[in-house]
Every structure is written in C-alpha cells, then in structure tokens.
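Working notes, beginning with the structure itself.
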Amino acid sequence: MLKKTHLRALAGSVAGLVAVLAGGIAVAPAAQAAEIGTAEVTPATGADTSPMALTTSGACPANATNIIASVTGSGFPAGGQIVVGNSPISSYGTTGGGGLIVPLTDTMRSYAQTAGFTTLTGKYTFTLTCRTAFNGTSLGDFPASVWFTSNTAYQNTDPAVKTDTTTSLAVSPASPVTAGSPVTLTATVAPAGAAGEVQFRDNGGPLGAPVAVTGGQAQLSTSSLGAGNHSLTAVFTPSSAAYNGSTSSAVAVTVAAAPATPTTTALAVSPAGTADKFSPVGMTASVSPASAAGSVKFQDTVGGTTTTLGTVQVAGGQAAFSTSSLAEGDHSFTAVFVPADSGAYTGSSSGNVPYVIGAFEGVTASQDITTTVESGALVISVDNPHVTLPSPQLNANGDLLTTAGAINPVTLTDTRAGNPGWTVSGQVTDFADGGSHQINGQNLGWNPKVIDKGASQTVTAGAAVAAASGVAPGDAGSAGLKSSRSLAGGTGLGTAHLGADLALNVPTSTVAGTYTATLTLTAI
C-alpha cells in the first residue's frame, strides 16, 4: 500500500513539473512516433495575440492517457517549444469523431517572447503527442501548421498552395419555364469559407452583375430569359489568392414563349346608319388594351366581296379613317386589328356595322332678282321678277359647284325729249338662305346682250363680267356683280329689250339650302 501511494504522489509531481516548464523554454519529448493523423489550428485565421486550439482528426491510442504539444519553426528551438504541457486526455473535449480539442496555453506572441525573438514569419508546425503520464515516448503524433503572412497575422493554409473550390448551380423553378416569369439561380461554393463573387452566365454571356458569395452561396433572380434554349452556369472568382476559382456544370433551361395577350376591337361609324353618296363617312376603331401596337385594316363588304378601304397605325388604342368615295348601296364595315408582334398580342376584329349609301340628291340654290323702275319718261321694267337657276353641279376639277342661267328680259323705254341717252347697270347682294348661311355675291357673273331695240335707237351691250371662283362668305372683294356693272347703254327714243346670261360659282363647303339674292338694275 505504501508503494502505490508513493507512485501516485510521484506521478502528480511529474505532471506538475511539466506544467511549470511549459511557462518557460521547455523542449518537446525527444522520442517520436509515427503520425497517426492530422490536426487543425482554429481559428483558421487570426492574429499573433489570438487564442488558438488544436483539433485532432482522431483519438489517441487506447493505451495513451496524456497529451503534450510543442511548436517548431523560425525562432523556436529545433526540438520544439512546449505549448501544451503534459496533461490528462480526459481534461479535454472531443469532436463527434473522437478527435481532441486542445486549447494552447498562450498566444504565439507570448511563445515568441519566451523564446526570445520578435518576428513571426513563415511556417510553424505544432505536434500534439499522445503518451502516458510517466513515459515520454510518443504513442502517436498529430501535426498541424500555421503560416504567418506578416509578423502579426496567420492562416492555417499554405499561402503558396491554393485550395480548390467547387461550384454547383441550382435553378428554380425547374425547366421548362414561361418567358417573363422569374427564375432564381443559386450557386453553392465549397469550401463555405471561400470568399469571392459569382458571375452567372447564359449561353456563355454574362447574366446580370456579379453576386458576392455569402455563407457559401450566391443568388440571382431574373425575368429576362427569352424564349428558347438556355445553358446556365455559375463561375466563382475567389477574392483570396488562397483559393482557385471554379465553374459549375451547365444547367439546361427551356423557356417557352409567353402566350400572346388577347385584344378586342370595336368600330364606330359617323354619321350613323346612312349617308348620301359623295358625303364623308368617318370610321374610328378602338383597340384594347391600349398598349397593343399594330395597325387597323378598315374593310367594306359589298355583295359578298370584301375590300380594304385603308390601313391606319394604332396610336393610344385608336385608329381613324374617313372616305367620301363609297358607292351607292348596302355596305358592311369591319375593323381588323393586326398586331405588330403576334407573339405579344393576338389579332382581333370588330363586329360588322351595316351601312347604307344613298343616292346623291345634289344641292339647290335660288335667287330673287328685282329691279326698281324710276318714275319719269325713262322706264325700266321686267315682266317676271323671279329668276331660278338650276342646282349647282360639281365641276370637272371637283373644287366648285357651278350653275348658269339668264335674267328675265328687261324692257327699257325712253321717251324723253332731247334724246339724253341712257345706261343700265346691275349690282347683286350676297345670297342668303334666310338663316346664317351665305354665298358671296362676287361669285355671280354675267354676259350682257341686246335682245332687240327700236329702229331709231343705238344700243350697246355692257362687257362680260366673270364670276369669282367660289370666294367665301364675308370676303370684302369687289369681283363679279358684287360691284355695279354695265348691262347696256344707248341713245335714241324707243323701247329696247335687254338680257344677260348668268354664271354662278358656289364653294363646295356651302351648306345645302335655298339661297336668294337681289339683283338691282338701275337705269340712268
């Protein structure tokens, strides 16, 4: 019993001695064994003052009861400097795989100060040794290394050796998808600690801007994939020189064209129902939705035969057309929308709009021409004070309505002594329909003539006066018979009969109606 107690006390003293030595410059056990695994320094990167731990890839041999750890490298003893003193394995935690988690007793800066140097540089190798409490012989070693890339910063990977990465790509929803619908691309980069960015590519070309990797993933959502076949990839570019880039396998995605948006077309015709031949007929097509681009064909069906009257581009959802050349008879109008992009919008047609083009009734005009006979020996008179001209007709050029006629015969009797001679002149007012519509009197002209005369008379007809070419109401000119014009002049006593052919030009804009003007004949 005394012997066993003595041994336990001695064991405790030895363990305590090693722990004390760890605070100074203590070298690692000389006896070495084969490596039975590896260890990893955590955290993976840090500073010279950061706490560090060694995590082994597996457990120590079954007959091992203690561990000890040392470090070698620039500045430390060739045999290594103790960083974890001889201590029971049971005092440390383990990983799920049985590996040990062993914190170092101090920082690398403190170990360097103890070893008497100030510059940490290059590779430092830690060796965690499995052993028994009293036997310094290694039962198995777990090596781990760090690299100081500056005097104050380290990493647990060799900066001269780049770590390979892998990149995988997932696309949601699965192919096929519809054009315009959102598609999400998710790239997963391994190892998860590799920082950088992912450029997603579509058929080799960039798809959007590069996306930073966060937590081992990068994600992009897009609705811009056009109809057709796409080959999508994710290209990882590391931000650290410690990693190699990688490209995912291609993911094939088929994008189906989006169905065309339906349209509707409505047609309105003005005036409604019917119009006379040569009258303007207006057609307005309304296309919905208003964003639909394209054109409208205005069609006319007569006797089973359909013709296109005109094609008009749609603007703001509408297209308008007008014609005055429709033939007399029954018509059926339709508006057909033709989309500019049949993949975006469907075509559509309005319902039939029945229409009747009536016979051309023409336009009418009338005039009441009056003369006043002065009292005295010079007498002027007309048997019939009313002159009616035929309805004006459209001329060959299509720019005027014209008519012609003659004034009723004018009787002039001169019985005055001394044979002073005489003149007869005429001047007309504007034509009016009894309301607000007029025909300018300048548009009436004449060609005077002498019908007969007394044997002792000399009578000369006045000069022809041309009618103005359809001047508008309110024009202040003096053309035509709007100014006083000579009908005839003569000498000698007796009776003369005078006449004149009339010509009237009517503007095509004149409103239908009966128009009357007064032609005043004055004899002096």
Side-chain angles (χ1 to χ4, degrees), residues 278 360-374 380-412 422-451 459-490 496-524:
F278 305 123
F360 179 63
E361 300 294 339
V363 294
T364 62
S366 64
Q367 63 175 237
D368 187 31
I369 301 175
T370 305
T371 186
T372 301
V373 178
E374 297 179 353
I380 185 170
S381 64
V382 291
D383 292 335
N384 182 0
H386 304 292
V387 176
T388 299
L389 298 178
S391 295
Q393 302 294 313
L394 189 66
N395 67 3
N397 292 331
D399 57 354
L400 282 175
L401 301 172
T402 63
T403 187
I407 63 173
N408 293 320
V410 177
T411 301
L412 187 136
W422 51 267
T423 61
V424 177
S425 62
Q427 185 173 0
V428 75
T429 64
D430 288 335
F431 292 78
D433 66 351
S436 60
H437 306 112
Q438 294 183 334
I439 300 172
N440 198 310
Q442 297 180 66
N443 295 315
L444 182 67
W446 69 7
N447 187 13
K449 60 184 178 179
V450 178
I451 299 174
V459 180
T460 304
V465 177
S469 184
V471 297
D475 187 283
S478 59
L481 297 183
K482 190 68 178 286
S483 299
S484 179
R485 307 293 185 179
S486 173
L487 176 63
H497 294 95
L498 309 174
D501 295 325
L502 298 176
L504 177 63
N505 292 330
V506 180
T508 58
S509 60
T510 303
V511 175
T514 300
Y515 292 76
T516 300
T518 299
L519 176 65
T520 301
L521 300 172
T522 303
I524 299 177

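Since the structure is predicted, the reported quantities are computational estimates derived from the model, not experimental observations.
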Point-to-point distance, once rounded to the nearest 0.5 Å, from [atom1] of [X] to [atom2] of [Y]:
| X | Y | atom1 | atom2 | value |
| --- | --- | --- | --- | --- |
| Asn505 | Leu401 | CG | CG | 9.5 Å |
| Thr508 | Leu400 | OG1 | CG | 7.5 Å |
| Thr522 | Leu487 | OG1 | CG | 11.0 Å |
| Leu412 | Ser381 | CG | OG | 8.5 Å |
| Thr402 | Leu389 | OG1 | CG | 11.0 Å |
| Thr403 | Gln393 | OG1 | CD | 7.5 Å |

Given 3.5 Å as the limit, does a donor-acceptor pair link the side chain of [X] with the main chain of [Y], or not?
| X | Y | result |
| --- | --- | --- |
| Gln438 | Asp433 | no |
| Asp368 | Ala517 | no |
| Asn408 | Val382 | no |
| Gln427 | Lys482 | yes |
| Thr429 | Thr518 | yes |
| Asn440 | Ala472 | yes |

Asn384 CG: over 12 foreign heavy atoms closer than 6.0 Å: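 Atom CG in Asn384 is packed in, count exceeds 12.
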Are [X] and [Y] close enough that some pair of their side-chain heavy atoms sits under 4.5 Å apart?
| X | Y | answer |
| --- | --- | --- |
| Leu504 | Leu502 | no |
| Val459 | Trp422 | yes |
| Val465 | Leu481 | yes |
| Leu519 | Trp446 | yes |
| Arg485 | Ser483 | yes |
| Asp399 | Pro507 | no |
| Asn443 | Val471 | yes |
| Lys449 | Asp501 | yes |

side-chain contact (heavy atoms from CB on, under 4.5 Å) assessment of Val410 paired with Leu521: CA-CA 9 Å; Val410 177; Leu521 300 172; 3.5 Å; yes
Measure across [X] and [Y] and return the closest heavy-atom pair with its distance rounded to 0.1 Å.
| X | Y | result |
| --- | --- | --- |
| Ala523 | Val424 | CB-CG2, 4.0 Å |
| Pro385 | Asp383 | CD-O, 4.0 Å |
| Ala461 | Val450 | N-CG2, 3.8 Å |
| Ala467 | Ala503 | CB-O, 3.6 Å |
| Pro448 | Ser486 | CG-O, 3.7 Å |

Worked verdict on Ile439 versus Asp430 for side-chain contact (heavy atoms from CB on, under 4.5 Å): CA-CA 6 Å; Ile439 300 172; Asp430 288 335; over 6 Å; no
